[in-house]
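Predicted model, so just to flag it, every value in this text is computed and none were measured. Every heavy atom of this structure was used, including side-chain atoms; hydrogens, water molecules and symmetry mates were not. Order of the sequence lines sets the chain letters (A, B, ...), proteins ahead of strands, with each chain counted from 1.
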Amino acid sequence: MPVTNEDIAKIFDQIADILEIKGDNPYRVRAYRNAARIVGGLTQDLCELVERGEDLTKIPGIGDALAKKIVEIVKTGSLRKLEELKKDIPPGLLDLLKIPGLGPKKVRALYEKLGIENLEQLKQAAQEGKIRALEGFGARTEHKILEEIDRVKKAKSESRILLSHAEKIAGHLVEYLKSGGGIREIQVAGSFRRRKETVGDLDILVISDNPALVMDNFVAYDVVDEVLMKGETRSSVVLKSGVQVDLRVVPEDSYGAALQYFTGSKAHNIAVRKIAQKEGLKINEYGVFRGEEKIAGATEEEVYAAVGLPWIPPELREDRGEIEAALEGRLPNLIELRHIRGDLHTHTNWTDGHNTVEEMALAAKSLGYEYIAITDHSKHTTIAGGLDEAKFREQIEQIRRINEKIDGIRILSGVEVDILEDGSLDLPDELLAEFDIVVAAVHYKFDLPRDRQTQRIIRAIRNPNVDILAHPTGRLIGERKPYEVDLEEIIKVAARTGTVMELNANPQRLDLTDIYCKFAKEMGVRIAISTDAHTADSLNYMRFGIGQARRGWLEPDDVINTLPLDKLLKFLHR
DNA sequence: GCCGTTTTCGGCCCGACTGTTTTCAGTCG
């Protein structure tokens, strides 16, 4: 099994954890964490780079030492250094870091003084009252450990929530806080504002003349499960849903600085502050300072301007080249929801959708769209009631009639045709040529070997009738992993065949991911942002696709459903 | 461990809150 970039990132993170517990140089620890983040965000497969003998030290954050380690991991599947470190520190000890309040120093003390090596032993020691006796620990800490330990064990896997879920939680909480009074300005920052596909916790920022009132209201919110901390300017709670929410109250003239600070990402902020440092400036959540003098802080624009940068859209703030682009004046003009003129992947009650063709069309019209493509399943997807050729011809005819009947929206007759195991399609070419648009997708045999899966999809997109490759990795966030496939290769082929890649806007799918959006753009491949709506209401998923597209640096011209109808049809050669 | 037209050595982002303390280290974001 080839080593993935994620495997390498995980190894570096583990090393960072262990070094931290050992009390190693914190800057070395940071270098490993930084490397893990960078490796995880690369589009290019490190295995391939190593195979081609590329110079890995060209990757920022990777020096000689880490480059050698990457080569070793790729060639042997493991890293001697990590194996050595594991001899010093039992692996179970790393789980202790997940308990809030326990950091590397405390974990080390528990290990050295009490011989605790894992969560189970920690629980036992706490129950026996041994922990409160340790220097630097007390009864409260011991109590807290007992409280948290089961929660951590339970949530050991994945605790991030979908952005769509976060929107609901944040929406309610913001309304509640507003109704309690004392709020002059309120905004959700963090990864939520960066429109990341999943959100770990919510960061809410408030301007208030009465911080105490806001904080009191916050901790009294009826779905608060636990108050982690409560202060004048900062409080944290865990909601019953398990989501952590941090609330910060800042003065008005610091709002921009605080918003910038708490929007992150951490990596982006560090990069910005490094620039500030070179200019002899200091940035914190209260503003930009030259010595004692505050020179910016009320707005984000001001903060960026103070360090010589234009305002950078939150979705780009990942330290993936946006700082360099900003410095050189080549930030993209990112796509916005208002640019979208239609939806190119939707379902109706002809198959597994809930609404009629007409209902879907009218819903699209009410969103201000010019067109909507109806793309029901083909017969192989039996579970969805996929249509055969005769049924599709009936549907095409129905769509023609409805188009005559209603104004202000054009319904495109389309299909989401199954890509069969050998890469052929589930419908004959003659029929495919009759549709306005053909979307092709994999719906079964997710477990083919990487090479066969890749070739399967490449064969499908080489069919000139195929316009769009839908949900190209088949993942369902939190439920189903993406299937093994060489997406980079597929995108390269798509560049030659003129095939469009779909960014599926369903909040649980959102493939292409941001990094592949950016890669596709760089390869000159166009994107369709489509909702895959199975109900009229879920046409509103478009905003999630837009968020991901913006994270992937996409501009209106990169996305085909920003085209007016006539240009779209021309693009599709129909 | 990374990085560098001010540096190949000496830097490396910054502040709030908590608990255990009597002035602060550790943790967290």
Side-chain angles (χ1 to χ4, degrees), chain A residues 12 15-16 19-21 23-39 56-70 79 81 96-110 131-145 148 189-192 199-205 211 215 219 227-238 244-250 254 257-258 260-289 303 307 319:
Chain A
F12 287 165
I15 290 179
L19 289 178
E20 220 171 8
I21 291 172
D24 206 311
N25 179 353
Y27 297 108
R28 178 181 289 132
V29 174
R30 182 187 297 171
Y32 275 104
R33 294 235 186 269
N34 193 34
R37 183 185 60 78
I38 287 162
V39 164
L56 300 178
T57 63
K58 282 191 188 140
I59 305 169
I62 305 296
D64 287 333
L66 284 173
K68 282 205 186 86
K69 290 189 174 70
I70 291 172
L79 189 63
K81 164 131 181 160
L96 270 55
L97 290 170
K98 296 189 185 119
I99 295 189
L102 291 189
K105 298 273 166 54
K106 287 219 161 84
V107 168
R108 183 180 179 185
L110 289 166
I131 289 173
R132 67 179 68 194
L134 274 183
E135 197 185 328
F137 292 75
R140 295 194 69 138
T141 307
E142 185 175 271
H143 186 66
K144 184 127 168 76
I145 287 173
E148 295 286 349
S191 53
F192 181 89
V199 173
D201 51 25
L202 289 169
D203 293 286
I204 301 182
L205 203 60
M215 289 305 184
V219 298
V227 178
L228 294 176
M229 64 160 109
K230 182 171 177 249
E232 275 283 297
T233 66
R234 220 175 126 167
S235 297
S236 294
V237 302
V238 179
Q244 183 174 328
V245 186
D246 301 330
L247 181 73
R248 345 247 172 169
V249 178
V250 297
S254 294
Q260 197 279 333
Y261 187 94
F262 293 119
T263 296
S265 66
K266 200 172 180 176
H268 172 86
N269 286 355
I270 288 173
V272 172
R273 261 175 260 158
K274 272 185 188 160
I275 295 178
Q277 215 176 22
K278 274 186 199 158
E279 313 268 333
L281 301 170
K282 187 181 77 172
I283 303 185
N284 59 30
E285 57 260 60
Y286 298 106
V288 184
F289 297 85
V303 170
V307 293
D319 193 20

Under 4.0 Å from any atom of DNA chain B, heavy atoms only: list the residues of residues 62-70 of chain A that qualify, in numerical order. A/Ile62, A/Gly63, A/Asp64, A/Ala65, A/Leu66, A/Lys69
Rounding to a whole Å, what distance do you find between A/Leu19:CG and B/dC2:P? 13 Å
Please test A/Leu79 against A/Ile15 for side-chain contact (heavy atoms from CB on, under 4.5 Å), starting from the C-alpha separation and ending with a verdict. CA-CA 10 Å; A/Leu79 189 63; A/Ile15 290 179; 3.5 Å; yes
What contact category does A/Tyr261 fall into here, base, sugar-phosphate, or nothing, at under 4.0 angstrom with non-hydrogen atoms? base
For B/dT27 and B/dT21, measure between their P atoms and round to the nearest Å. 15 Å
Distance-only donor-acceptor pairs under 3.5 Å for side chains of residues 280-287 of chain A, two or more places apart:
residue	atom	partner	partner atom	Å
A/Asn284	OD1	A/Tyr286	N	2.8
A/Asn284	OD1	A/Gly287	N	3.2

Can you check the A/Ile270 CD1 to B/dC28 P distance for me, whole Å? 17 Å
Tell whether A/Tyr27 reaches the base of B/dC2 with its side chain through a donor-acceptor pair below 3.5 angstrom. no
In whole angstroms, how far is the P atom of B/dC2 from the CD1 atom of A/Ile15? 12 Å
Taking the C1' atom of each, how far is B/dT5 from B/dG1, in whole Å? 24 Å
Atom P, compared across B/dA16 and B/dT20: separation rounded to whole Å: 22 Å
Over all strands shown, is A/Arg248 touching base, sugar-phosphate only, or nothing at heavy-atom distances under 4.0 angstrom? sugar-phosphate
Base, sugar-phosphate, or nothing for A/Ile99, non-hydrogen atoms under 4.0 angstrom? sugar-phosphate
What nitrogen or oxygen pairs link the protein and nucleotides 17-19 of chain B at under 3.5 Å?
residue	atom	partner	partner atom	Å
B/dC17	OP1	A/Glu232	N	3.3
B/dC17	OP1	A/Thr233	N	3.1
B/dC17	OP1	A/Thr233	OG1	3.1
B/dC17	OP1	A/Arg234	N	3.1
B/dT18	OP1	A/Lys230	N	2.6
B/dT18	OP1	A/Lys230	O	3.4
B/dG19	O3'	A/Thr141	OG1	3.2

Hey, does A/Pro100 reach any base, or is it just sugar-phosphate, or nothing, if we go heavy atoms under 4.0 Å? sugar-phosphate
For the NZ atom on A/Lys144, are there more than 12 heavy atoms of other groups (residues, nucleotides or ligands in this structure) within a distance under 6.0 Å? yes
Please work out if A/Gln244 contacts a base, only the sugar-phosphate, or nothing of the nucleic acid, heavy-atom cut-off 4.0 Å. sugar-phosphate
Take atom CZ of A/Arg28 and atom C1' of B/dC9, then tell me their distance rounded to the nearest Å. 15 Å
Using the C1' atom as the reference point in each nucleotide, state the distance between B/dT8 and B/dC3 in Å, no decimals. 10 Å
What is the separation between atom CG on A/Asp203 and atom C1' on B/dA16, rounded to the nearest whole Å? 14 Å
